[in-house]
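Structure record follows, encoded as structure tokens.
Along the sequence shown, residues are numbered consecutively beginning with 1. Note that ligands are numbered from 1 as they come in the structure, with each ligand's atoms numbered from 1 the same way. Predicted model, so just to flag it, every value in this text is computed and none were measured.
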Amino acid sequence: MRLVTKVIRVDPHAPDPQMLARVGRALAEGELVAFPTETVYGLGANAFCPQAVARIFEVKGRPSDNPLIVHVASPDEAMQVAEPDCSGRWRELARRFWPGPLSLVLPARPELPRMVTAGLSTVAVRMPRHPVALGLIRAAGRPVAAPSANRSGSPSPSRAEHVLADLEGRVEWVLDGGPCPVGVESTVLDLTTDPPTLLRPGGVCLEALQQAIGPVAVHPAVRVVTEGNGLAGPHGRPSEEPPRSPGMKYRHYAPRAPLWVLEGSPQAVARAVVERLREMGGGCVGLFLTRETAALVEKQLGELGPHVHLFVAGERDRPETVARRLFEGLRALDAAQPRVILAEGLPERGMGLAVTNRLRRASGGKVVRCDELPARTGPHGP
Ligand code: TXA
Ligand code: MG
């Protein structure tokens with residue numbers, strides 16, 4: 001069924017309280033509202049309204065075994081959907097990182113509809129810090145289940161235009177608060193294990209978590225990419241661990257064009273890009289590169305040519321700048337309908353871990369270690 005989607009422009013720093021009250025009421029009554037958070041746009045439904053939650057899965061085309069994150073306006077509100085972990089670490093993490101881009105997996109309270117958790121006995125909760133998100137949840141007066149507001153499998157939306165491209169006519173409301181400042185999703189940390197396990201790297205980096213609570217295990221799927229359920233890694237190595245976060249097992253963030261991740265020093269990545277461009281002749285290619293590597297490529301080639309679409313992603317030594325425009329870049333390159341997209345992976349430090357994780361997943365495992373390539377061979381695309 002097609003609806004008329006109401007699009008409202010909002011001031012991201014100071015949203016109008018009357019508007020929030022009106023849309024918050026609609027959300028509480030079961031309508032779907034896409035709204036900006038500091039990470040990406042979310043598609044919100046009243047977490048205690050099973051019909052609204054069911055519609056989220058339907059409009060996203062999301063598999064029903066992939067649970068939703070519940071968004072709350074305070075740590076106390078988190079306890080409406082979750083139980084504290086035995087160690088009490090959640091309090092410390094909430095104190096340090098909430099409001100902010102950290103989702104904590106805790107035991108779920110029995111009252112929470114199981115559709116939200118996809119049948120799991122745990123629930124992921126987070127308190128976002130974006131004024132529109134927080135204001136909306138407060139206005140709704142109850143916890144809000146919200147996955148990223150994209151069609152399942154496509155790159156997450158970091159701008160309202162991305163939400164409309166995927167969901168216009170399927171949801172009642174889109175609050176347009178401009179670009180999301182972090183650009184990749186929240187970090188998902190499972191507090192039901194000891195030590196806690198990083199299930200998805202995101203807006204709060206691993207190093208910051210370790211500093212706050214000590215050891216954190218990293219689920220193998222964070223670094224080793226899965227193709228379908230085959231769990232083939234960057235080297236084609238299978239991983240033995242089953243996916244703990246159901247979202248891990250799906251190909252994600254993927255543009256339509258096949259995407260290759262090129263990892264290594266800027267020099268090695270630039271060399272691999274240049275060789276691949278020469279091999280491809282006049283074929284249309286999308287490049288997602290940091291400023292530094294793009295400059296090296298341009299220096300070697302002189303001119304890129306009309307068939308090469310370059311998206312300069314940010315600075316290599318400031319991975320947060322790459323994160324901010326990651327999904328925007330993937331969507332923009334895809335719009336040029338290239339035969340292939342070559343994307344530069346980053347060292348897996350700080351926000352580089354989240355960026356490289358998203359790129360590897362968008363590639364479905366097509367990762368090239370450029371430092372290890374013999375000279376004169378590039379990635380072998382389709
Ligand atoms: O930044 C974000 O987290 C954004 C904004 C809107 O807040 N939301 C988001 O939601 O990215 P979504 O649904 O696209 O991703 C949720 C991830 C999935 O990988 C899912 O498998 C995992 O969180 N997840 C949710 N509940 C879980 C649970 N109980 N146990 C393990 N993983 C869980
Ligand atoms: Mg998502």
Side-chain angles (χ1 to χ4, degrees), residues 32-45 47 53 56-57 60-72 81-83 85 97-109 112 114-130 132-134 136-137 143-158 162-163 166-167 175 177 180-193 196-204 219 221-222 226 242-254 323 327 354 357-358 361-362:
L32 299 190
V33 182
F35 59 95
T37 81
E38 67 276 21
T39 57
V40 299
Y41 276 75
L43 177 60
V53 173
I56 284 190
F57 286 91
K60 273 183 67 82
R62 183 179 179 105
S64 59
D65 65 350
N66 194 0
L68 308 177
I69 295 174
V70 177
H71 295 63
V72 293
V81 297
E83 317 258 10
D85 58 321
F97 298 107
W98 283 5
L102 177 63
S103 297
L104 300 173
V105 174
L106 292 165
R109 288 186 68 101
L112 183 69
R114 279 303 178 264
M115 199 182 296
V116 173
T117 67
L120 296 178
S121 59
T122 58
V123 60
V125 270
R126 96 169 177 103
M127 176 182 175
R129 72 165 168 248
H130 195 293
V132 175
L134 263 186
L136 181 69
I137 301 162
V144 173
S148 50
N150 53 309
R151 288 280 294 171
S152 201
S154 71
S156 293
S158 54
H162 304 158
V163 177
D166 282 17
L167 300 178
L175 302 186
C180 299
V182 175
V184 293
E185 302 91 334
S186 63
T187 300
V188 180
L189 184 69
D190 186 351
L191 291 178
T192 68
T193 62
T197 307
L198 178 72
L199 298 180
R200 179 176 75 179
V204 170
H219 194 280
V222 166
T226 66
R244 173 135 22 90
S245 185
M248 285 172 176
K249 70 184 187 206
Y250 298 106
R251 186 170 182 242
H252 253 122
Y253 317 117
F327 294 131
N357 165 271
R358 302 304 188 277
R361 299 196 54 182

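- Ligand 1 places these atoms under 4.0 Å from at least one heavy atom of T122: 28 (C), 29 (N), 30 (N).
- Residue E185 has no nitrogen or oxygen atom sitting less than 3.5 Å from a nitrogen or oxygen atom of ligand 1, judged on distance alone.
- In this structure a side-chain-to-backbone donor-acceptor pair under 3.5 Å is present from D166 to R151.
- For ligand 1, none of its N or O atoms has an N or O atom of Y41 under 3.5 Å away.
- Note on S148: counted as a metal contact of the Mg ion (ligand 2), an N/O/S atom lying under 2.8 Å.
- Contact analysis leaves P101 out of contact with ligand 1, as no non-hydrogen atom separation drops below 4.0 angstrom.
- Side-chain atoms of T37 never come within 3.5 Å of backbone atoms of A133 as a donor-acceptor pair (strictly under, hydrogens ignored).
- For the pair T39 and ligand 1, the shortest N or O to N or O distance falls below 3.5 Å.
- The main-chain N or O of L167 is never found under 3.5 Å from a side-chain atom of K60 such that the two would form a donor-acceptor pair.
- Note: an N/O pair closer than 3.5 Å links R200 and ligand 1 by distance alone.
- Salt bridge present: R126 and E38 bring a charged side-chain N and a carboxylate O closer than 4.0 Å.
- Within the 4.5 Å cutoff, no side-chain heavy atoms of Y41 are placed close to those of N150.
- Under a 4.0 Å heavy-atom criterion, T117 is not in contact with ligand 1.
- The main-chain N or O of A354 is never found under 3.5 Å from a side-chain atom of R200 such that the two would form a donor-acceptor pair.
- In this structure, H71 has a heavy atom closer than 4.0 Å to ligand 1.
- Between S148 and ligand 1, at least one N/O pair is under 3.5 Å apart.
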